[in-house]
Amino acid sequence: MSSSDPISILSDRFRAAIRAAFPQLTAEIDPLIAPSKQAQFGDFQCNAAMSLAKQLASKPRDVAQAIVKHADLGDLAEKLSDASIAGPGFINIKLRGDSLGSLLASMDGPSLGVEPAREPMTVVVDLMGVNLAKQMHVGHLRSPFIGDAVARTFERLGHTVLRQNHLGDWGLNIAMTVARLIEMRDAGTLNLDSITLDQLDAAYKAAESSTRRDVDGLAAARKSGHPKAIAELEAQVDGATDAFNRARQTLVKLQAHDPDTFGVWQRIREVTMSVCLAVCERLRVNVTDEHSAGESSYAEELAPMVADLEKRAVAEVDQGALIVRVDQPPRDAAGNPAWEPIKEPCLVRKTDGGFLYATTDVCAIRRRVQKLLADRIIYCIDARQNLHLRQVFAASVRAGYATNPRTGRTAVMEHAAFGAVLGEDGRPFKTRSGDSVSLQALIDEAVDRAAAAVRARNTTISDSELRATAETIGVAAMKYADLCNDRSRDYMFSFDRMLAFEGNTGPYLLYAYARIRRIFEKARERGVEGSWSSAAFRIAAPSEKTLALALLPYNAAVARVAETLQPHHLCQYLYDLAGTFSTFYDQCPVVDAPDAATRDSRLRLCDLTGRVLRDGLSVLGIPTLERM
RNA sequence: GUCCCGGUAGCUCAGUUGGAUAGAGCAGCGGUCUUCUAAAUCGCAGGUCGGCGGUUCGAAUCCGCCCCGGGACGCCA
């Protein structure tokens, strides 16, 4: 299919021109086409002459002249001449007046100019790390927001996407909680049938602290010699040791699927998952139960896998633990290492024979590549896990687990790392008392604030519509505020800013879309319907041209998100589009346009803008509203 | 100590992979509603791009050395 993005078309034309002018250049050529920053220089510019001059050992302006001579821009842009060359060798390009209309027309189809991937791949996206028996809090926000947006981007491009919710649902901490709950149930202080996640969370914390042995405190007390303090701390350590041992016994029972123990565990899982999935649904994050792939699901595979690693000497014993060294990657024929060397080895078995989270993660890669046939695995996880993930990736490659059985190629594994969520004081987001804020409370507040804002501007809206509208606006505000930043940075969580309805926010984009919908409602009231859909685009007014230019690079924006795993590039595109639309809206009457042809052209322009906004927001996982 | 992020307007952030005079939004100042939603729009003001060197026609961007902030560094997950 032919592209509708002028940068893409111009790149092709200039690449051909450069090839023709300099046949001696064999390497790949980047024609460096960019929009002009200032209108006086035209619409676009080619910056390739300067860098090529270096390779060709000639003068940049001579190179530019040769490019200009060979460039055929057809009916897209005005013919180039020596006057098109400026400064050290910039080539300025001015689109022809009628070309924007035909570019828009070529974009105006179901795909909105988005080109499907040439080689559809299977992409696994790891996008949530919920732990059993723990209340969801602000720290659980970014992974599903970013991960779902990335997943949707790949889906939009025609790839097969498999979301994975890597649940923390196994291990000693969970067993500890199970032991605690059984004790409470047997003591009659707890009804497991009606237990809530908050109660589970409390039990988890209690279990955790009851097994923490204060050996440092005891040592200090012994040193200072206070008999009472020593006695208390001895009792504490003994008690904690008992609790710890009970937890270990419970873990053994759990692993053996002892009916009572396993039943309690299942109950914990049920309660946690129902909250987790309800939150996902409310946040419009496409994660359902079928995406669950908990640590427990790997439990049976760990021992055989580790035996395989040991047998093939991929892993070796070091200081009692079993490790996979990743400091000396094999090199291919060209001398490129299979991964960047990492000094710290990857531990896959503890001295006591137990497995670690790295073991499970390697096992997950093995399943994702060998069974799910992943070509690419994307981890949307906290930046602090970076070293751990790099080790796990390297160990998997070394073990051969990351080699896709269908293609024979090593799956591409990437860490889409993100920073912390900070409060407005610049410190990690917490309540005044220092607790983490529950996700439910956070969403409720965003929605409440959105409701108040809608009510303040619209007194006639029904309560049910108000609720639905506020829900959409509140969630859009939260998601957009997260996604519009470079994910690798820490980001500042501020209700005031995300719900300000001004500037680069979710509500601003929703508002732009709602205004477009209102134009069509108005048009229908006037009896104008349908006739515009086949109208010719007549791009005349400056704000029409700006809007058209903002519209065309939609494909590039989506493609860029897939390339960089950075949804903020799409946010930037959409914000720019909404902004240019607002200016157009202000300056160009649509329904009351001076003549029918202009009106129909503008209606079609509005329709295209609205569909791109809706589609782009849907790629981010944000639904639109017909009215606000 | 080693490694990974980050440092751009008073605040929150972009910056198309090295291009022309570094851009938005808040906050500040001043315009624009009998008109398709003013939740908008237009303008003004605001900068040693952490610092110093280097690479070249050209650096916020690449390289080196520092400074500051955050994080991670074998038997927790």
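We name chains A, B, ... by the order of the sequence lines, and we start the count at 1 in each one.
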Does [N] have a Watson-Crick or wobble partner in any strand here, with both distances under 3.5 angstrom, and which is it?
| N | answer |
| --- | --- |
| G28(B) | C44(B) |
| G1(B) | C73(B) |
| C13(B) | G23(B) |
| G58(B) | none |
| G53(B) | C63(B) |

Can you tell me how far [atom1] in [N] sits from the matching atom in [M], rounded to whole Å?
| N | M | atom1 | answer |
| --- | --- | --- | --- |
| G70(B) | A39(B) | P | 42 Å |
| G51(B) | A59(B) | C1' | 16 Å |
| G50(B) | G74(B) | P | 32 Å |
| U48(B) | C66(B) | P | 26 Å |
| G47(B) | A24(B) | P | 15 Å |
| C52(B) | G15(B) | P | 24 Å |
| C3(B) | C63(B) | P | 15 Å |
| A20(B) | U61(B) | C1' | 16 Å |

Between [X] and [N], is there a side-chain N or O to OP1/OP2 distance below 4.0 Å?
| X | N | value |
| --- | --- | --- |
| Lys522(A) | C36(B) | yes |
| Tyr508(A) | U41(B) | yes |
| Arg489(A) | A14(B) | yes |
| Arg390(A) | C73(B) | no |

field: Pair His166(A)-Gln164(A), side-chain donor/acceptor within less than 3.5 Å
entry: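 Side chains of His166(A) and Gln164(A): no pair found under 3.5 Å.
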- request: Could you verify whether a donor N or O on one side chain and an acceptor N or O on the other, from Asp5(A) and Ser3(A), lie under 3.5 Å apart?
  value: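 Not at all, the side chains of Asp5(A) and Ser3(A) share no donor-acceptor pair under 3.5 Å.
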Identify whether any heavy atom of [X] sits under 4.0 Å from a base atom; if not, whether one sits that close to sugar-phosphate; answer base, sugar-phosphate or nothing.
| X | value |
| --- | --- |
| Leu356(A) | sugar-phosphate |
| Phe520(A) | nothing |
| Glu295(A) | sugar-phosphate |
| Ala556(A) | nothing |
| Lys37(A) | base |
| Gln40(A) | base |
| Ser51(A) | base |
| Pro88(A) | base |
| Phe355(A) | sugar-phosphate |
| Pro553(A) | nothing |
| Met492(A) | sugar-phosphate |
| Ala383(A) | nothing |
| Asp486(A) | sugar-phosphate |
| Ala86(A) | base |

Under a 90° cut-off about 0 for the syn range, is [N] syn or anti?
| N | result |
| --- | --- |
| U17(B) | syn |
| C63(B) | anti |
| G6(B) | anti |

Round to the nearest Å and state the distance from [X] atom [atom1] to [N] atom [atom2].
| X | N | atom1 | atom2 | value |
| --- | --- | --- | --- | --- |
| Gln566(A) | U17(B) | CD | C1' | 13 Å |
| Met628(A) | A38(B) | CE | C1' | 14 Å |
| Gln55(A) | C57(B) | CD | P | 14 Å |
| Tyr204(A) | A77(B) | OH | P | 10 Å |

message: Exactly one of Phe501(A), Phe581(A), Tyr575(A) should register a ring-ring contact (aromatic ring centres under 6.0 Å, His included) with Tyr508(A). Which one does?
response: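 That would be Tyr575(A); it is the only one of Phe501(A), Phe581(A), Tyr575(A) passing the ring-ring contact (aromatic ring centres under 6.0 Å, His included) with Tyr508(A).
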For a quick check, tell me whether the side chain of [X] and the base of [N] share a donor-acceptor pair closer than 3.5 Å.
| X | N | answer |
| --- | --- | --- |
| Gln38(A) | U21(B) | yes |
| Tyr511(A) | A39(B) | no |
| Asn92(A) | A20(B) | yes |
| Gln45(A) | A20(B) | yes |

Side chain of [X] - closest among [options]:
| X | options | answer |
| --- | --- | --- |
| Asp490(A) | G70(B), A38(B), A20(B) | G70(B) |
| Lys54(A) | A40(B), G58(B), C42(B) | G58(B) |
| Lys343(A) | A72(B), U2(B), G74(B) | U2(B) |
| Arg384(A) | C57(B), A72(B), A39(B) | A72(B) |
| Val590(A) | C36(B), U41(B), G15(B) | C36(B) |
| Arg497(A) | G74(B), C11(B), A39(B) | C11(B) |
| Ser488(A) | G19(B), G6(B), G74(B) | G6(B) |
| Asn485(A) | U41(B), C13(B), A39(B) | C13(B) |
| Val454(A) | A20(B), A39(B), C42(B) | A39(B) |
| His569(A) | U8(B), C3(B), G15(B) | G15(B) |

Close aromatic pair by centroid cut-off 6.0 Å: Tyr379(A) and Phe393(A):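 Close enough - the centres of the two rings lie under 6.0 Å apart.
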message: Quick check, does Phe90(A) stack with G19(B)? I mean ring centres under 5.5 Å and planes off by under 30°.
response: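 One would not call Phe90(A) stacked on the G19(B) base.
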Between [X] and [Y], does any side-chain N to carboxylate O distance fall below 4.0 Å?
| X | Y | answer |
| --- | --- | --- |
| Asp482(A) | Arg487(A) | no |
| Asp30(A) | Arg15(A) | no |
| Glu340(A) | Arg390(A) | no |

If you count the non-hydrogen atoms of other residues, nucleotides and ligands that lie under 6.0 Å from [atom1] in [X], is the total more than 12?
| X | atom1 | answer |
| --- | --- | --- |
| Gln40(A) | CD | yes |
| Phe244(A) | CZ | no |
| Arg455(A) | CZ | yes |

